[in-house]
Structures are given as C-alpha cells and as structure tokens.
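Proteins get letters first, then strands, A, B, ... in listed order; numbering begins at 1 in each. Everything numeric here is computed off the predicted structure, so don't read it as measured data.
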2 protein chains.
Amino acid sequence: MPATIRDVARASGVHISTVSRTFSAPHLVNPETRVRVLACAEDLGYRPNRAARALITGRTHNIGLIVADIANPFFPPLIKAAEGQARHRDYHVFVADTNEDPVAEEDLVHALAKQVDGVLLCSPRMSNSLIEQVSREVPVVVINRQVAGLPCVMMDVGQGARAAIEHLLGLGHRRIALLGGPRGSWTAREMRRAATAAARSGSAELTVLGPNQPTETGGGALAEQVRRSGVTAVLAYNDLMAIGLIEGLDALGTRVPHDVSVVGVDDIALSSITRPKLTTVATPTAAAGRTAVDMLLQLDSDAPRGARGRGAAAGDRRTTAQVMLQTELVVRDSTGPVPAPGRDGTGA
Amino acid sequence: MPATIRDVARASGVHISTVSRTFSAPHLVNPETRVRVLACAEDLGYRPNRAARALITGRTHNIGLIVADIANPFFPPLIKAAEGQARHRDYHVFVADTNEDPVAEEDLVHALAKQVDGVLLCSPRMSNSLIEQVSREVPVVVINRQVAGLPCVMMDVGQGARAAIEHLLGLGHRRIALLGGPRGSWTAREMRRAATAAARSGSAELTVLGPNQPTETGGGALAEQVRRSGVTAVLAYNDLMAIGLIEGLDALGTRVPHDVSVVGVDDIALSSITRPKLTTVATPTAAAGRTAVDMLLQLDSDAPRGARGRGAAAGDRRTTAQVMLQTELVVRDSTGPVPAPGRDGTGA
DNA sequence: CAGTCGGCTGCAAAGGTTTGCAGCCGAAGA
DNA sequence: TCTTCGGCTGCAAACCTTTGCAGCCGACTG
C-alpha cells in the first residue's frame, strides 16, 4: 500500500536514484526534474522509509532522552525544550522514564541504543563507570551530572545551594537542615558539598537528612524529623520536596516561614502558586535541554558511525565539552527571619 | 564495530538464519544450538538491528503518543502507564508534545507515522475529519475523544461534571460558572453539555466562560470575571485551571470555599496538596493509558500492514472498540455551602 | 575542430534481517 | 530393508534506500 521510491521513479520517468537524491541531496538534481519528482511523490503520498534509510546511512534521526521521572515537574520543560530543538534539526526524541530505578535505567539505555543516534542521560542514577561503559555503545550526553571524559551539561547547584544558605544566614538562621536527594544523584552530592561549606563559613550548623525520594511524599515524610531537630531553616533537594515538607509541617502546626524557613531548588511552575510562594534556586532547565541536544548532534556529526563509516581513525579527539549553566536564587515568601528564641519552633 | 547477525553465525558455526530464528522464533531451533548461539551473541554484544528488522517485517515495535502538553500534570501518569504497558509487550513509546497547537499536532502525527506501528492521539485538538484522514495512514487509537468508527478510550467526564454540579446544588449553589477548556477539546464539549443539563434540572443558572488555555494562567486570568459574575460556585475544565483560579481569586480577596466554591477535574497529584485541597473529579488516567496501548497493539496484530502483508482483505472488520472509563467525584476542601446572601461574594 | 569540463542521471552494490522452501538426518513404521 | 515423517538447518530472495562510479550531453576553450 505505501508508495515506495520505485513507484515515484516509475511515475516520474526517472531512475530511483534520482528520486532519492531529490530528497536527500536536492542540489544534485535538475530543478525541472526535481519539481516533477516532488509532484509525483506528493501525488502518491510517498514518504521515505526511515528504516531503509537508517539501515544504509546508519542514522535513525532519533535521539533518546532518559529521565528519572516524567511526573516530576522539573523534567517536562527540559523535555519540551529538547524536543523543540531536535525537531528543529529534523530529529525526533524518544522519552523514557526510569521511575528513579538505576536498573530500569540501564535496561532502557540498551534498548534504546540500537534505534537512536544518541542518548541524553538526564539526572542519571547509575554509576559513573556504568555511564562510561554505556557511552562506548552509543553517543551519550549527560545532563545534571559530571562524568570525566564525557560531554556534560550541568546546572550550578553548588553555587545555588551556597546562595540559598547565605540567604538564610542573612536572615539570622544558624541551625539549618539539608533535605538530601535520591541515592546516586550527582546534584544531591554537589548541593551537600556546597551547603556544608557555606554553612561552616557562616558558623552555622548543618544537619543532613536523607537520602530521600525527591517527591512531595518524600518531603512530607521528613516533617516530623525536621520539627524535632530544632532547625529554623531547611534547604530541600528540590521544590517538590520543599512543598511536601511545608505541607507536612503545616499538618503538625508548624508554620512556614514564621516558624521555619524553607528553600527549594528548580523553580518549577508550581512553586510560585502554592502558599506560601516558594523561595527557590531557579535552574535553567530549558536551556539545558537545548544545549544537550546541540552537543549530542554535534558529537554525532563529528564521529560518524554509519555503515559507511571509515572507522574510529578520525573521531578520537573526543570533544567532551562540559557546560555549566548558572542558577539563580529567587526569594519569595517561604523564607523569613529566624524566629525569636525561647519558643522551640513547634508553633504550639 | 557493532556485531551483526553474521558475526554471531560465524562464531557459533551456524547459518545466519538460525541465529535469526534463535531470536525471533526460538521454538524452531534445537535447544543445544540455541544456547550456543545465545552465548556467542552475548559474547559479541550482539543486538538485532531494529532498522533491518523493521525494513522486512514492516513493524518498528514503536508506538507514538501525542499529547497536548507534557507539562500539564494530567498527562505524565498516562504516559507512564502507556510506557509501562508498551515495554511489557516489547514496544517503545515516542512521546511528542504539540503545545496545544492543532497544526503542530498534524505535523507530528505525519512525521511519526512512518516510524511507528501506531499512534495514540491523546486529547487531540484537531478536527474529527482530520483524525479520520490520519487514521488511514497509520493505526490510531484516540484518547479523550469520541470519533465514530475509530477505537477510542474516553473518560466519562459527562458523568463527572454532572456529579460535580449535583454536589454544588446540594450545597445550595444556584449560580454556577463553567470554565471552558481549550477550543477543539471533546472533553470540554462533553462537560459543557452535561453541566448545562444538570444545572437546568436543578434550576440553577450556568454561565460558561471560555474557551480558555487549560493552565494555571488560564484559570487565574478568569478570576476577575468570575468575581464580577456573581456566581457562588465554579466548575473548572481541569485542576490546573481551578488552582489558578483559586490563586487569582485569593489575590482579589475572594476566599475559597468561603466566598466561592471551586471544583476541578482530573485529580492530579497537586490537587491534594494545594490549599485549600481541591474538590475534583478523578479521572482514571493510568488505566486509560494502559487500555489505549492494548487496543492499539490488538488492532495492530489484527491487520498486519507489513511488507509481507496480504493486502486489506482480512483487516476490514474494523474492531473499533470504544471504551468509556468511569470517573469519580472526590470531595475535599474547596467546596462549601453557598455563602449567606446580602454580601456579593467579594469578601471585602 | 578536438579536447575538456561540469552538470545531471543511471547503474548496481550494499546495508542486516526475516522467511518460504527445500534438504538433511535419524527414527519409526511397514 | 525401504518409506515416511518430523525436527532442524541452510539457501536465497526480498525489504527500501543511499551512494560511489561511470557515462552522457552540451558548451566552452584553445
């Protein structure tokens, strides 16, 4: 039923190679011929068979995007940006969701490897060595993590965490908790490192709680622990946890920011809607998505791995660009001055 | 570099067709041979080339999922469910986002058509006739819309809207607004129809506001209009709009549910977190995703369109199952009794 | 007028897999 | 002992497209 290149060739009275060139190298075919071929193709509803094309060129014109949890509002803007950028370059994006599971992650990247030209690993939970291994099988760009020798696009959460802690210090807080992220998260490690350093240089005490699930539930589950710990401020791994925590504290009668200040990370859309509006570290997620796609496609055009590829002779120079995008503290209503001492912050 | 079927054949001393069968029809090959071949394959890191397989079988083992807006929290659970179900049957899912744009939608489905075995059209914004046209090019299952002659999985938002209106009537509300959804949305039309009927039979007055963007912003933008209209209750197209509206009303000094009751639709995770917790019509999104995948795969196995396909002779019986999933009203804190008359609900 | 060149097109191989058909071998039945 | 049969494997065509090479033709140069 579907028209092939042969049907078009017959209809327009040229050889199939001319039809092929009409689509993949238009400048090589006579304008008159081209319009005739295009007309016939249009007429027959012909669309090049991507499988056949992929078989010979070695490129699928698809890229894979693996995220930890598509339901986490942090990811959709990144996905949209990546999709847009890819589409713009005539690529499509496979989105896959690992449910925060490193094993599912590995399975997915293998399953995807054979049908995409490259993979974007977004906030990977697997080990660096596994990532390196995977990168030998398929071109990879890593988002939200630093892996030596691999192209990465990161957001400067270290700087963000520092800014958040300094903001809290400025409000007088000296007992601060850090709600850690999921096990295996580079971002979580970076935040911890930077927050610890910033707290120390401000002579504040930093309590690390975690690792945790980076969701509302994960944040809410820590409310009791936060209250008991006697801290007056909290920096959460992300906005979702911050929101869950605020909710949980509220249920315990502890008010934010009156009794406890809370800072999130990501600046998801939700954060400017919930009450109180969340003070947070804004991350440039859309830019990260676009940049990562560009880097992957760049990588891809540098080192062709097609059927006709000449081997690895040329591709060895390994660009391995590593991009660090800036973050920014957005102060809203969930942070305030440290409460007067004497009360213990339970709000009772 | 990547191992082909030929390498495996050579290594294990059998013909390539035996290797092929080892993977695609294991019962046809001698168990001993099979283990040897599998061992060699494992050894060489062989993975069947999906493009080559697709070229000959006519199946890509991919399905496309087109949604209006991946950042709308309504969709991710559906996407996850669809992905899970698909993966379970050895399929992968392409997710694409149309940004609520019918034109982008059409472009996407065409772009996808050639590289997937079928497309899930989720909450399509294009016209029915266009959908029918598309369905001649590629197998289609429609989600959240009824199209005659096409397999559809719908959620009974009509019943949901009726339940919501009746809930409001029971609380004494007689002046109710309906915040309409986006242009082209079947759900929006169904809700309007059912809500109008329910309001009429309860002798209530229903004001329809819209169409609108189905986002927080879209909801927030209607706050002023809602306040001026003098209604005491609002049924919003979805939770996002409801939340935006509550936010907008709050900024105007109108409190929910004290001055105005608000009901949403979808029961997204967020709805039980924001203050006040949202009364809403829960829709079975995950079930919809799973069901749709099943229907598409079923459709697909009924009517092979592969290179070896015998033509359309057998596939004509057109199953066209249409599934309607039930919805459920979840009463939380955003609805309450109608305020005492005399005050006009401005809360001032 | 001979030679060259450039633009365009045709030819055919190649890419990795699936699958109908045929052949092989050993065992069971006659 | 000769068929028959079934289980397994090999053979080769087919799927659709891309691309290096070669050939054609007309025009320009010397």
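- A sub-4.0 Å separation between OP1 or OP2 of D:dT9 and a side-chain N or O of B:T33 is present.
- Taking atom CG on A:L55 and atom P on D:dA14, their separation rounds to 17 Å, with Å as the unit.
- Rounded to an integer number of Å, the gap from B:R50 CZ to C:dT17 C1' is 13 Å.
- Between the CD1 atom of B:I5 and the P atom of C:dT19 there is a distance of 11 Å, given to the nearest Å.
- Among the heavy atoms of the strands, none lies under 4.0 Å from B:V19.
- Of the two residues contacting DNA chain C, namely B:A52 and B:H15, the nearest-nucleotide position lying further toward the 5' end is that of B:A52.
- For C:dG10, its base sits under 3.5 Å from the side chain of A:R21 at one donor and acceptor pair at least.
- Checked against C:dG10, C:dT9, C:dG15, the side chain of A:I56 finds its nearest nucleotide in C:dG15.
- Here C:dG16 is the nucleotide among D:dT17, C:dG16, D:dC8 with the atom lying nearest to any side-chain atom of B:R6.
- By the 4.0 Å N-to-carboxylate-O rule, A:E137 lies close enough to B:R47 to be salt-bridged with it.
- Atom-to-atom, CG of A:D7 to P of D:dT17 comes out at 9 Å; the value is rounded to the nearest Å.
- B:N72 and B:E100 form no side-chain donor-acceptor contact under 3.5 Å, judged by distance and modelled atom types alone.
- Comparing B:I16 and B:V29, the nucleotide of DNA chain D nearest to each residue sits closer to the 5' end for B:V29.
- Distance CG (A:L28) to C1' (D:dG20): 12 Å, rounded to an integer number of Å.
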- Item | Steps toward side-chain hydrogen bond (donor to acceptor under 3.5 Å, both in side chains) verdict (A:N62, A:Q115) | CA-CA 7 Å; A:N62 291 141; A:Q115 57 184 327; over 6 Å; no
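- Distance CZ (A:R36) to P (C:dC8): 14 Å, rounded to an integer number of Å.
- Contacts of B:T4 with the nucleic acid, taken as non-hydrogen atoms under 4.0 Å apart, involve only primed sugar atoms and P, OP1 or OP2.
- Here the NE2-CD distance, from B:H110 to B:E105, works out to 11.5 Å after rounding to the nearest 0.5 Å.
- Nucleic acid contact class of B:T18 (heavy atoms, under 4.0 Å, all strands): sugar-phosphate only.
- A pairwise comparison of heavy atoms in B:L65 and B:A82 identifies CD2-CB, 4.2 Å as the closest pair.
- With rounding to whole Å, B:R47 atom CZ is found 17 Å from C:dT17 atom C1'.
- For B:F23 and C:dG16, the CZ to C1' distance is 13 Å, given to the nearest whole Å.
- Distances from the side chain of B:S17 to the nucleotides C:dG16, C:dT19, D:dT17 place C:dT19 closest.
- Among all heavy-atom pairs drawn from A:I5 and A:Y46, the shortest one is N-CE1, 3.4 Å.
- For the atom pair CD1 of A:I79 and CD1 of B:I70, the computed distance is 4.0 Å after rounding to the nearest 0.5 Å.
- Over its length, the helix from C:dC1-D:dG30 to C:dA30-D:dT1 turns its helix axis by 50°, as judged from the five terminal pairs at each end, rounded to 10°.
- Within the 4.0 angstrom heavy-atom criterion, base atoms lie near B:S20.
- Between the side chains of B:Q85 and B:D294, at least one donor N or O sits under 3.5 Å from an acceptor N or O.
- Within 4.0 Å of B:Y46, counting heavy atoms only, lie sugar-phosphate atoms of the nucleic acid but no base atom.
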